[in-house]
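The next block holds one structure in the form of structure tokens; read it before the comments.
Note that ligands are numbered from 1 as they come in the structure, with each ligand's atoms numbered from 1 the same way.
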Amino acid sequence: MGKLNVAMLRYLTREDFRVLTAIEMGMKNHELVPATLAASIANLHHGGVHKILKELCKHRLLSYERGKHYDGYRLTNTGYDYLALKTLTSRQLISSFGNQIGVGKESNIYVVADPEDKPICLKLHRLGRTCFRNLKEKRDYHAHRHKAGWLYLSRISATKEFAYMEALAKRDFPVPKPIDINRHCVLMELVNGHPLSRLYEVDNVENLYDDLMNLIVRFAQHGVIHGDFNEFNIMINDEEKPIVIDFPQMVSVTHANAKMYFDRDVKCIRAFFKKRFSYESHLYPIFEDIVREEFLDVEVSASGFTKNMDQFLLQELGMVDSVEEVSGEESDFYENEKDEVEHLAERVAELMKEESSEVLGNSTIPPAQEMSDNVKSD
Ligand code: ADP
Ligand code: MG
């Protein structure tokens, strides 16, 4: 378990980041990125790159591994975190880092401060590495697909979450206000409240139950199902009003198993209210009764989160039961190595330009009191 010491963001040089980014790029179609490839993509001298690679390994931003056919480098979780945090910091969205507040099934959650020193929420998506559900099928499935499995999955998970939060917030659903996204990191409003799982006393149990059922109905009227609507993904504020979080597994009402997921969400709430508050109601929503107003998921897929990506993600999250063939977004991408290197080198140069000026070696990165001790990575 490497520690994430954000102070190091300040000490890494521009060239360090260039090499780190080159490894990220190389991983799009190499499980391990050989030093020579890293050097070409980073467009730096071979000798210099070696030293930097070694340094990055020492700080556990990269790992060096022996593969079947060749040896090479891969990005660690910490390395990927750095790239994203550096970008978000250079966009002046984060002024300091705070504590970890949650470890979800598929994420780590932190409090950070925005430039006005207001606490906001940072969610780092972590997919494809720690989850052992359906491991065998997944292994068979992924064997033919992405080599950069966890990078890609974590990134599309964050992309989907952000797109749904935007679409839902726009329609005045009670969700955290999305702020920004980069790679696998989503910045959002910090909800002022506690998970429903920690609520033991409630002023008006019937109202809360109705609010939650109405939310399930409203989702469906807009063409979507939350898919994991349980006491851990519903926050309750001081007014006893729910705020819904956690969206990577959302599905369309046109999904083959839509009714099953809808009923499961309803059942989850009913079971919780019965057990926790001894509250049972004969009123609950029926999937077939819901009148569609729109299909919000269409807007989301128009925003760049494609059906293909969704298929991939839902597969990982266990929300698809048949393995439909999805064409890889990034795998069968490059025709030959030369084009690839040129393309990647250009991309790295672009990324460096985007993120350049502000960050390195100056004060936009806060002193890292904090994250260092609590942050787990890898
Ligand atoms: P996962 O997908 O890993 O389950 P969640 O989005 O459900 O991740 O977040 C995990 C936990 O972190 C939640 O149960 C909640 O306690 C906390 N959390 C997540 N987002 C926020 C937020 N915006 N504000 C406050 N707490 C949050
Ligand atoms: Mg959750």
Check your understanding: Strictly by modelled atom types, are N192 and N237 linked by a side-chain donor-acceptor pair under 3.5 Å?
Key -> no
Review point. Taking atom types as modelled, is there a side-chain donor on N308 or D310 under 3.5 Å from an acceptor on the other?
Key: no
Check your understanding: With distance as the sole criterion, is a donor-acceptor pair present between the side chains of E15 and T13 under 3.5 Å?
Key -> no
Check your understanding: Rounded to 10 degrees, what angle sits at the Mg ion (ligand 2) between D246 OD2 and N233 OD1?
Key -> 90°
Exercise for review: Examine ligand 1 and decide if any of its atoms is less than 4.0 Å from a heavy atom belonging to E189.
Suggested key: yes
Exercise for review: Just go through S157, P195, G193 and tell me whose heavy atom is the nearest to atom 16 (O) of ligand 1.
Suggested key: P195
Point to revise | 2.8 Å cut-off met by an N, O or S atom of N230 to the Mg ion (ligand 2) | key: no
Point to revise | Residue and atom name of the nearest protein heavy atom (relative to atom 12 (O) of ligand 1), distance in Å to one decimal | key: I109 CG1, 3.3 Å
Point to revise | Side-chain H-bond candidate by donor/acceptor type, D81 with H184, under 3.5 Å | key: yes
Revision key, fill the gap. In this structure, atom 4 (O) of ligand 1 is nearest to the protein heavy atom D246 OD2, 2.9 Å
Review point. Would you call R171-E299 a salt bridge at under 4.0 Å N-O?
Key: yes
**Study point:** Interfacing atoms of ligand 1 (cut-off 4.0 Å, heavy-atom, V191)
**Key:** 22 (C), 23 (N), 24 (N), 25 (C)
Check your understanding: After noting the C-alpha distance and the side-chain angles of Y110 and I120, does the key distance pass the side chain to side chain contact (heavy atoms under 4.5 Å, CB included) rule?
Key -> CA-CA 8 Å; Y110 302 91; I120 53 176; over 6 Å; no
Practice item. Assess E106: does it contribute an N, O or S atom lying under 2.8 Å from the Mg ion (ligand 2)? Key: no
Check your understanding: Between R74 and V33, is any pair of side-chain heavy atoms under 4.5 Å apart?
Key -> no
Practice item. May I ask you to check whether H125 and E106 show a side-chain donor-acceptor distance below 3.5 Å? Key: no
Practice item. Identify, by atom number and element, the atoms of ligand 1 in contact range of F232, meaning under 4.0 Å from any of its heavy atoms. Key: 13 (C), 14 (O)
Check your understanding: Do other residues, nucleotides or ligands put more than 12 heavy atoms under 6.0 Å from the CD atom of E288?
Key -> yes
Point to revise | Candidate with minimal heavy-atom separation from atom 6 (O) of ligand 1, of E106, E161, K123 | key: K123
Review point. With a 4.0 Å cut-off on heavy atoms, is M235 touching ligand 1?
Key: yes
Review point. What residue and heavy atom of the protein are closest to atom 21 (C) of ligand 1, and at what distance?
Key: C121 SG, 3.6 Å
Exercise for review: Could you list the residues that satisfy salt bridge (charged side-chain N to carboxylate O under 4.0 Å, His left out) with E189, not counting sequence neighbours?
Suggested key: none
Exercise for review: Considering heavy atoms of the protein only, find what lies nearest to atom 8 (O) of ligand 1 and give residue, atom and distance to 0.1 Å.
Suggested key: S107 OG, 3.0 Å
Check your understanding: When you measure from atom 13 (C) of ligand 1 to every protein heavy atom, which one gives the shortest distance, and what is it?
Key -> I245 CD1, 3.5 Å
Review point. Quick one: which ligand 1 atoms are inside 4.0 Å of a heavy atom on M188?
Key: 23 (N)
Exercise for review: May I ask you to identify, for L190, whether its side chain, its backbone, both or neither come under 4.0 Å of ligand 1 on a heavy-atom basis?
Suggested key: both
Exercise for review: Have a look at L187, N233, N192 and point out the one with the heavy atom closest to atom 7 (O) of ligand 1.
Suggested key: N233
Check your understanding: What distance do R126 atom CZ and Y80 atom OH have between them, rounded to the nearest 0.5 Å?
Key -> 10.5 Å
